[in-house]
Amino acid sequence: MIWLDGKFCKAMQVSLLAHSLHYGGAVYEGLRFYKTDSGVRAIFRLKDHLERLLASASVMGMEISYSVNDLMQVAVQAVQRSGLEEGYIRPMIYRGEGIGLMSANISVHTMIAILPWGKGQESITLTTSSFIRMHPGSTNIRAKVAGHYVNSYLAAAEARKSGVDDALLLDYKSNVAETSVANVFFVKGETVFTPARENIFPGITRDTVIVTLAAAGRIVEERNISLAEVLQSDAMFVVGTAAEVLPVVKLDGKEFNVNHPAVLRCRGIYQRAIRGGLLGAPDHWLTYVD
Ligand code: PMP
């Protein structure tokens, strides 16, 4: 199920000469919708994702005529039409035909695709990447731009080749940054800590974890984290729309406690948040579809 520039359609073709295909300037989002405890479907943090989408489009100088509210309505209709109980939403804004980096008057398109989503893993293994995360002075790393994912792809592919699930990338200062598509958290004793926002893509799931832990009286430390400190940690978990909250079994030679109470607590809180069972969660986190 795809919505493109105002119309629902089944399959779509993009021009082989599309500007975004050649120069990587498309911006996109990834969201999930779930069957909540009351049996009704809801999209998790739809408004926040669409605000980030439009902010990314603005970074890339792409103007569209749809507001966050317009796209929220489209997403709800698209999920309704999909007939899926749970799934994934991929909105994207991209430039159409036009070769030449700074060609003028290239069309800008907006699409929202609904896809099925299978059951995820229960835990993952990581290796430290030989690739470093993009320098924050080389691009706007807060924007979710297709071209940024070359860095993620190379790191993840290298990790897979060495037999593990994903890569942990360091930033240009050799601090821990994130995995190819998720943010990372660590636990040492009672303390939960995560890399500061400066050199990472600050995910919405990361925000969900920080906000819900704070509401439960546990403040997450956001700061620089070295690999040496990681090796002293008791537990590590990755968070993202796709991963949700996923314990890390192993990073290189270091094994973590996947059943650490802090990790189980975060997993539990997140599951309640996405399924409407978390008391005190902000109302706008769930957009009901049915
Ligand atoms: N870091 C990177 C590099 C990502 O691609 C993603 C996925 N969008 C995340 C972190 C997690 O972001 P979110 O929680 O918003 O899905």
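The chain is numbered in sequence order, starting from 1. Excluded from the calculations below are hydrogen atoms, water molecules and symmetry mates; all remaining heavy atoms, backbone and side chain alike, are included. Both counts, for ligands and for their atoms, begin at 1 and track the order of listing. Since we're looking at a predicted model, the values are computed, not measured.
With respect to E122 and R267, a salt bridge is recorded, a charged nitrogen being found less than 4.0 Å from a carboxylate O. By the 4.0 Å N-to-carboxylate-O rule, E221 lies too far from K188 to be salt-bridged with it.
Within 6.0 Å of CZ in R218 there are 12 or fewer heavy atoms belonging to other residues, nucleotides or ligands.
Listed by chain and residue number, M134, I141, H148 satisfy the side chain to side chain contact (heavy atoms under 4.5 Å, CB included) test with T139 (two or more places apart in sequence, or in another chain).
Aromatic ring centres of W3 and Y66: separated by under 6.0 Å.
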I'd like a table of the close N/O pairs between ligand 1 and the protein (anything under 3.5 Å), one pair per line with both atom names and the distance.
| residue | atom | partner | partner atom | Å |
| --- | --- | --- | --- | --- |
| ligand 1 | 1 (N) | E178 | OE1 | 2.6 |
| ligand 1 | 5 (O) | K144 | NZ | 3.4 |
| ligand 1 | 5 (O) | Y149 | OH | 2.5 |
| ligand 1 | 8 (N) | K144 | NZ | 2.8 |
| ligand 1 | 14 (O) | I204 | N | 3.2 |
| ligand 1 | 14 (O) | T205 | N | 2.8 |
| ligand 1 | 14 (O) | T205 | OG1 | 2.5 |
| ligand 1 | 15 (O) | R52 | NH1 | 3.0 |
| ligand 1 | 15 (O) | R52 | NH2 | 3.0 |
| ligand 1 | 15 (O) | I204 | N | 2.8 |
| ligand 1 | 16 (O) | T241 | N | 3.0 |
| ligand 1 | 16 (O) | T241 | OG1 | 2.6 |

**Request:** Quick one: do V181 and Y149 satisfy side-chain contact (heavy atoms from CB on, under 4.5 Å)? Show the steps, please.
**Result:** CA-CA 9 Å; V181 286; Y149 285 83; 4.2 Å; yes
